[in-house]
> 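Pasting in a structure now, in structure tokens, and then I'll have a few things to ask.
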Amino acid sequence: MEDAKQAHKAHVLVVPYPSQGHINPMLQFSKRLASKGIKPTLAPTICFSKLMHTSISPTHYGPKIQVRPISDGYDNGGFLSAESISAYLDSFRTNGPKTLAQLINKLSEEGDPVKAIIYDGQLPWALDVARQFGLVAVLFFTETCSVNSIYYHVQRGLIKLPLMGPGPIKVSVPGSVELQPWEAPSLVQNYDALRVWFDEILKQFSDIDRVDWVLFNIFYDMEKEVVDWMTKMWKVRTIGPTIPSYYLDKRLEDDKDYNFHRFKPNAPICKNWLDTKPRHSVIYMSFGSLAKLSEQQFEELAYALKNTNQNFLWVVRELEQPKLPKGFIDQTSGQGLIVSWASQLEILAHDAIGCFVTHCGFNSVLEALCIGVPVVGVPHWGDQGTNAKFVEDVWRIGIRANVDEKGIVRRDKLEKCIKEVMEGEKRKELMMNVAKWKKLAKQAMDEGGSSDENINEFVGYLAGC
Ligand code: UDP
């Protein structure tokens, strides 16, 4: 027992919200901590840990990352089996703290007590559990500083809703770009329609003054002024990008993949197909793990790809595949490959990829920025519209294909944007920008980089408390 305690500087619990886009960065951060002598125990929900397609393997550079699940009250079906969003969140709010507390007690009984809880911003109740046990409370945000600053300003009544008054109201927060209402997070645009989520998201900020550390999965150069502004209020540190080390500093051996996959990737099929394609000739399109698009939108996307006459690799999740236009797969068999899930990092890093058509989920944007692939943004909901604005106007690594008055991105528009990024005048500038960001991302995570130093500071604190 004594050996187990001495083998690491501190033991921490990492509690992610159960979705691919939240588990990826928190698991990756855990690996970084492990490489620096901290023992992280990952606590996803029971259901999510059962759904995942690979388990976390031990790593040789630090203690094994063990998985000890907690319950959201839907152990067999998770979120999808809940009657409503509000039923799910209520159940998680009841069962989450209870089972997290049980886990903390259990770990103590096993002789390996935890010092801190690193919890996802979408699980604000974890703060009370940390306080109840006298543990260090670490809030981990998987979205950008600007998006969270907007939520904070709304929560404190500093941005008034609705955004549309007699005239459109612009959204601006200190240190960030001014947003048109349609570029703001959708929860702020349509707060009444998404009330339950809206309330849950704002709860992250009602208690933030009681939190010990606030971590962001970005690196400083991405949002300098917003980070500086936030750091005046809370102990904010940027610790990203948390994408696998292989794509950045290469200091963590064996860290090439996210290890957790919500769906089974078709990696060899994609790789073999891409290997036969010329450099920068393939459009990669994916809308992440959650987006549900209309049949009409699918038709527009499909024919936009077909009309470019370029090769494409499109991820369409199994449940979404019936929405593809009839006969489309056969019609485009010589041009495109459609798979139900992919190893996205491997694809983005493949030489054949020319651009990434993405919904602008923040992980996808970060991956494009770090691996160096220019983007066509087709945002859908949540923070994606704000991320797309940053892609185009702040980081300048891509362009946006905007929706029409019916909320649909039309084929002509998308085709034009893809052509612009693949072969238009803009391509040279975008390629220079992605190369710049790729270098900065690597520097941030490499020895002595801004995020690396922040992680060292955090590790030093945990070791000393
Ligand atoms: N992803 C993947 N394979 C796919 C599509 C997505 O591994 O075929 C990963 C992707 O690399 C990213 C995550 O799933 O890390 C999606 O997160 P994001 O924030 O982009 O979108 P969300 O799924 O949360 O909408």
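All values below were derived from every heavy atom in this structure, side-chain atoms included, with hydrogens, water molecules and symmetry-related copies excluded. Counting starts at 1 for both ligands and their atoms, following the listed order.
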> State yes or no: are the ring centers of Y88 and Y74 separated by less than 6.0 Å?
yes
> With a 4.5 Å heavy-atom cut-off, do Y17 and T142 have their side chains touching?
no
> Among all protein non-hydrogen atoms, which one is nearest to atom 8 (O) of ligand 1, and what is the separation to 0.1 Å?
A342 N, 2.9 Å
> Mind checking whether Y258 contacts ligand 1 via backbone (N, CA, C, O), side chain (CB onward), both or neither, at a 4.0 Å heavy-atom cut-off?
side chain
> Are K419 and E415 close enough for a salt bridge, meaning some N to O gap below 4.0 Å?
yes
> Please verify whether a non-hydrogen atom of H359 lies at under 4.0 Å from ligand 1.
yes
> Tell me which part of N363 gets within contact of ligand 1: side chain, backbone, both or neither, using heavy atoms under 4.0 Å.
both
> Regarding K277 and the six-membered ring of W273, is the cationic atom NZ or CZ under 6.0 Å from the ring centre and inside 45° of its axis?
yes
> Would you call D221-K224 a salt bridge at under 4.0 Å N-O?
yes
> Does ligand 1 have an atom under 4.0 Å from some heavy atom of S286?
yes
> Less than 4.0 angstrom from a charged side-chain N to a carboxylate O is my criterion; do R195 and D199 meet it?
yes
> I want to know if ligand 1 touches Q20 in the polar sense, i.e. an N/O pair below 3.5 angstrom.
no
> E299 pairs by salt bridge (Lys or Arg N to Asp or Glu O under 4.0 Å) with which of K326, K323, R411, R410?
R411
> Below 4.0 Å from any atom of ligand 1, is there a heavy atom belonging to L345?
no
> Run the numbers on D207 and K203 for salt bridge (charged side-chain N to carboxylate O under 4.0 Å, His left out), then give the verdict.
CA-CA 7 Å; D207 280 340; K203 261 196 216 115; over 6 Å; no
> Salt-bridge test for K36 and D452: reply yes if a basic N is under 4.0 Å from a carboxylate O, no otherwise.
yes
> Just need the protein heavy atom nearest to atom 23 (O) of ligand 1, so name the residue and atom and give the distance.
S289 OG, 2.5 Å
> Would you mind checking which non-hydrogen protein atom is closest to atom 24 (O) of ligand 1, with the distance to 0.1 Å?
G21 CA, 3.8 Å
> Using a 4.0 Å cut-off to any heavy atom of G288, which atoms of ligand 1 qualify?
23 (O)
> Does a side-chain heavy-atom distance below 4.5 Å link F219 with S451?
yes
> Out of Y17, W314, W341, who is nearest to atom 9 (C) of ligand 1 when you count heavy atoms only?
W341
> Check ligand 1 against F362 and write out every atom of the ligand that is under 4.0 Å from a heavy-atom position of the residue.
19 (O)
> Of the listed options (G382, G361, S364), which comes nearest to atom 16 (C) of ligand 1 when hydrogens are ignored and any heavy atom counts?
S364
> Check whether any heavy atom of H22 sits under 4.0 Å from an atom of ligand 1.
no
> Give the atom numbers and elements of ligand 1 that come within less than 4.0 Å of a heavy atom of N24.
12 (C), 13 (C), 15 (O)
> Which residue holds the protein heavy atom closest to atom 12 (C) of ligand 1, what is that atom called, and what is the gap in Å?
E367 OE2, 3.3 Å
